[in-house]
Amino acid sequence: MEILNEHITNILNQLPAHVTLVAVTKTRPVDILQKAYDQGLRDFGENRVQEMIEKQPVLPSDIRWHLIGHLQTNKVKFIAPFVHLIHSVDSLRLLDEINRQALKNNRIIDCLLQIYITTEESKFGLDEAELKEILKAGTHPAMANVRICGLMGMASFSDDVALVRQEFAGLKQLFDKVKTEYFKDSPAFSILSMGMSGDYHLAIEEGSTMVRIGTALFGER
Ligand SMILES: *Cc1c(COP(=O)(O)O)cnc(C)c1O
């Protein structure tokens, strides 16, 4: 408990006021989440639907749940009633299903589009052509139950600071371009989710407004 308090305080002290901390709680038992909550944290990130829906009912109802991992279309319905922000929208099909489930729940679900920014092999994230397609459809009136609030990206898992910085800077550039071209009049498009335990300082220097931190708060998984 004491150690957790210290880690939370240390990280919060390092974050500029415009940066939101999402505490990544995947694999952590609910008593750890409760302690982080008692310390004042409200934004929790999980990468698996099953784990999120097990934890959500037994913890305080004002927690903001962030889905940060790959989301399968057939699982959207389980989180649609309560999820605060989905960071990992990586296909039009998925956005469409989120819209359908949000409508069923009579709410609007906030989403980030996950962009493929690394040179590493990865199955997830949109490239620029796919991004264009999803932006055209996602800003259509038929998609009134999803709100695209920004972009998310994961840099290479690498010690090469120049490479990681370049990937973050590229995502920030893309964010600015998308904002100008599609969301000039939508203040909700304001979130750039980038930065994890190993690279959040760099991410913030390059324009991040939301960091997703697990290990640096709670220790190795
Ligand atoms: C696990 C995870 C994180 C947090 O990683 P840490 O290195 O533990 O801070 C951030 N984002 C995503 C998408 C993750 O899956």
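Heads up: numbering here begins at 1 and tracks the sequence. Counting convention: from 1, in listed order, for ligands and their atoms alike.
Annotation: ligand 1 has protein neighbours Val24, Lys26, Ile68, Met154, Met196, Ser197, Arg212, Ile213, Gly214, Thr215, Arg221, each with a heavy atom less than 4.0 angstrom from the ligand.
Phe124 forms part of no hydrophobic cluster, judged by ILVMFWY side-chain heavy-atom separations under 4.5 Å.
Rounded to the nearest 0.5 angstrom, Ile213 CD1 and Met196 CE are separated by 10.0 Å.
Using a distance-only test at 3.5 Å, with no hydrogens or angles considered, a donor-acceptor pair links the side chain of Lys77 to the main chain of Asn74. Remark: the backbone N or O of Met210 is not paired with any side-chain donor or acceptor of Thr20 at under 3.5 angstrom.
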| request: List the steps, then state whether side chain to side chain donor-acceptor pair (under 3.5 Å) holds for Asp110 with His84. | output: CA-CA 7 Å; Asp110 287 348; His84 174 71; 5.6 Å; no
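Seen from the ring of Tyr37, Arg42 counts as a face-on cation partner, given the 6.0 Å and 45° thresholds.
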